[in-house]
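Okay, structure first, notes after.
Keep in mind the model is a prediction, meaning the values are calculated, not measured. We use all heavy atoms of the structure for the numbers below, so side chains are in, but hydrogens, waters and symmetry mates are not.
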Amino acid sequence: MPSPPSAKEPARDTVAAASVPVLHPLPATNDTTVPDLVCFAHLHWDFVWQRPQHLLSRFAQQGRVFYVEDAFVHPDQVEPHLEIKDRQNGLKVVVAHLPHGLDEAHSNQVQYELLARFFGENSIENYIFWYYTPMALDKSRQFKPLLTVYDCMDELAAFKFAPPTLREREQELFGKADLVFTGGHTLYEAKSQQHRDAHPFPSSIDKEHFGQARQEMPEPADQAGIAHPRVGFFGVVDERLDIELLGALAEAHPEWQFVIIGPVVKIDPASLPRTANIHYLGGKDYQELPAYLRGWDVATLLFADNESTKFISPTKTPEYLAAGRPVVSTPIRDVVRPYGDLNLVHIASTADEFAQGIEKALQQHQDADWRQRTDEYLGTISWDLTWEQMVKLMQDRIERKTNPTSEDSAASPTPDERL
C-alpha cells in the first residue's frame with residue numbers, strides 16, 4: 001500500500017474510478033435520511049487509487065461523503081478557506097488552505113472553525129466520522145459524530161517522517177472509536193490488543209478491472225519498446241521498496257527487464273539503482289494499470305524487511321493475480337498468509353531465492369492448476385464484499401447506540417471504557 005505523501009507534496013493527477021456496483025446503504029437514523037460520512041485522511045484522494053477510494057466511492061453511491069485532506073499551507077499570506085473538489089459518485093474532497101506561519105495549535109483551531117462553518121452551511125448534522133489518520137483528531141475532536149470508525153490501513157507510526165505524537169493520538173482515537181478496521185491480519189493482531197471491537201479487512205480486489213489484463217489490450221507506448229522477459233512492480237516507490245534487491249537482481253540477470261511503475265516519495269531518486277534493464281515509468285492512472293500488467297511476464301512485490309513493512313497487506317497481491325500474472329514476493333506476513341501458504345505466490349527471502357522464484361514464475365503461465373486455484377481463491381474476496389461486511393458492523397453499532405438495551409449496554413462497554 002502506498003505511503004502518505006508529505007504535507008507539502010502537490011496533489012497528483014485525478015485518478016479515474018473503477019465501475020462500482022450499487023450496494024445497500026447504511027440504515028437511516030430516522031425514516032428519511034442516511035448518515036453523512038466524513039473521512040479524515042492523510043492521503044490525497046488524487047494520489048493513488050487504493051483502499052480509501054475503493055471503499056468510500058461505494059458509500060458515496062448511497063449517501064454524502066466528505067473526504068477531508070491535510071491542509072495546504074501557502075508560502076505567503078492567504079485568508080483561511082476551504083476548497084471543495086467534486087469527485088466520483090458525488091464525493092467531495094475538502095481541503096483547508098492556510099497562511100504560512102501558524103503554529104500547530106492555531107492551525108488546528110482554524111481548521112476546526114472552517115469545518116464547523118462548512119458543516120452548518122451544508123446541513124451536516126447526522127454524520128459518521130471515518131479516520132485514516134489519528135492526527136486529524138486535533139481538528140475534529142470537538143465534533144459529536146453518530147459513529148466513529150478507525151480504518152487502520154497501515155502502521156503509520158513506522159513510516160518515514162511519521163509525526164512523533166502519532167502513537168499518542170492513536171491511543172486517543174482508540175478511546176473514541178466505536179469500530180476499528182485493519183488493513184490486514186498482522187495489523188489486526190496488534191490493534192485487537194488495543195481495542196475490543198477490532199476487525200480484520202485485508203486488501204481486496206476489483207476482479208473485473210484487473211481481469212482486463214487477461215484479454216487483448218493495446219500496449220502502452222512507454223512500455224512497448226521494452227524487451228521480454230519483463231518483471232514488473234507497481235506501487236509507491238518509497239522506503240518500503242527493497243532497492244538493494246532490485247539492483248542485485250538487475251545486475252545478475254541482464255536478460256530480464258525490470259519495469260517499475262509508481263511515484264517516488266520520501267526517498268532520493270538518486271538512490272535508486274540505475275542499470276540499462278531497469279525502467280522507471282513513473283506513476284500511472286488506475287485505469288491504465290491492466291494494460292501495463294498485460295505486458296508483464298512476472299509481477300513482483302519487492303518489499304524490504306523493515307519496520308515500515310511489518311504490518312502491510314499489499315493490495316497489489318490479488319490485483320496481480322486477477323490480471324493472470326505469476327507473482328514473486330519477499331516474505332511479507334500478509335502475503336505469506338494466505339498466498340504463499342496456498343502456493344499461489346512464490347515467496348523468496350534472498351536475491352538468489354528471488355531469482356529462482358522468477359525463473360519458476362516465467363514457466364507458470366501455462367499452469368492450469370495454478371490458474372484454477374488462484375481464481376477459486378479470488379472468488380472469495382472483493383471490495384464489494386469487504387464494504388458490505390463493514391456496513392453490517394456499522395449498522396449493528398448504530399442500532400445499539402440509537403436503540404440501547406440494558407443487555408447491550410452490559411455486554412458492550414462504551415469506547416472510552418475500553419482502555
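- When atom types are taken as modelled, the side chain of Arg230 and the backbone of Leu293 share no donor-acceptor pair closer than 3.5 angstrom.
- For the side chain to side chain donor-acceptor pair (under 3.5 Å) with Arg51, the qualifying choice from Thr386, Asp151, Thr315 is Asp151, the only one to do so.
- Contacts of Glu189 classified as salt bridge (Lys or Arg N to Asp or Glu O under 4.0 Å), with partners at least two apart in sequence or in another chain: Arg333, Arg337.
- Residues that satisfy the ring-ring contact (aromatic ring centres under 6.0 Å, His included) test with Tyr188, not counting sequence neighbours, are absent from this structure.
- Partners of Asp297 by salt bridge (Lys or Arg N to Asp or Glu O under 4.0 Å), not counting sequence neighbours: none found.
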Verify salt bridge (Lys or Arg N to Asp or Glu O under 4.0 Å) between Arg87 and Glu69, making sure each step is shown before the conclusion. CA-CA 13 Å; Arg87 292 296 182 262; Glu69 297 184 348; over 6 Å; no
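- Side-chain contact between Val345 and Leu321 is present, with heavy atoms from C-beta onward closer than 4.5 Å.
- Side-chain contact check for Val34 versus Gln62: every heavy-atom pair is 4.5 Å or farther apart.
- Side-chain contact between Leu241 and Phe233: present, with at least one pair of heavy atoms (C-beta onward) separated by less than 4.5 Å.
- The salt bridge (Lys or Arg N to Asp or Glu O under 4.0 Å) analysis of residues 342-369, with sequence neighbours excluded, yields the pairs Asp369-Arg373.
- Taking 4.0 Å as the cut-off between side-chain N and carboxylate O, Asp178 and Arg400 do not count as a salt-bridged pair.
- Under 3.5 Å, the side chains of Gln389 and His199 contain no donor-acceptor pair of N or O atoms.
- Residue pairs meeting the side chain to side chain donor-acceptor pair (under 3.5 Å) criterion with at least one partner in residues 319-331, sequence neighbours excluded, do not occur; the list is empty.
- Side-chain atoms of Trp383 and Gln53 include no donor-acceptor pair closer than 3.5 Å.
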Run Asp375 and Lys207 through salt bridge (Lys or Arg N to Asp or Glu O under 4.0 Å) and show every step you take. CA-CA 10 Å; Asp375 288 347; Lys207 290 186 288 290; over 6 Å; no
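- The stretch residues 129-140 participates, sequence neighbours left out, in these salt bridge (Lys or Arg N to Asp or Glu O under 4.0 Å) pairs: Asp138-Arg141, Asp138-Arg169.
- Neither side chain, Asp197 nor His195, offers a donor N or O lying under 3.5 Å from an acceptor on the other.
- Take Arg371 and apply the salt bridge (Lys or Arg N to Asp or Glu O under 4.0 Å) test, not counting sequence neighbours, and it matches no residue.
- Residues satisfying the ring-ring contact (aromatic ring centres under 6.0 Å, His included) criterion with His279, sequence neighbours excluded, are absent altogether.
- Remark: Asp305 pairs with no residue by the salt bridge (Lys or Arg N to Asp or Glu O under 4.0 Å) rule, at least two apart or across chains.
- Crowding of Glu104 atom CD: a count of heavy atoms from other residues, nucleotides or ligands under 6.0 Å not exceeding 12.
- Legend: residues meeting side-chain hydrogen bond (donor to acceptor under 3.5 Å, both in side chains) with Asp341, ordered by chain and number and at least two apart, are absent.
- Between Tyr286 and His54, the ring planes lie perpendicular to each other; the angle is over 60°, past the 30° to 60° tilted range.
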Evaluate Val236 against Phe47 for side chain to side chain contact (heavy atoms under 4.5 Å, CB included), listing each step before the verdict. CA-CA 10 Å; Val236 176; Phe47 180 55; 3.8 Å; yes
Check the pair Gln395, Glu399 against side-chain hydrogen bond (donor to acceptor under 3.5 Å, both in side chains), reporting the backbone distance first and the verdict last. CA-CA 6 Å; Gln395 287 174 336; Glu399 289 166 2; over 6 Å; no
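- Under the rule for a ring-ring contact (aromatic ring centres under 6.0 Å, His included), the partners of His97 that lie at least two apart in sequence or sit in another chain are Phe72, His74, His81.
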Can you list the steps and then say if Gln223 with Trp296 is a side-chain hydrogen bond (donor to acceptor under 3.5 Å, both in side chains)? CA-CA 10 Å; Gln223 184 172 271; Trp296 296 357; 2.9 Å; yes
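- Screening residues 250-274 for ring pair (Phe, Tyr, Trp, His ring centres under 6.0 Å), with sequence neighbours left out, gives His253-Trp256.
- Using a 4.5 Å heavy-atom threshold, the side chains of Pro338 and His185 count as separate.
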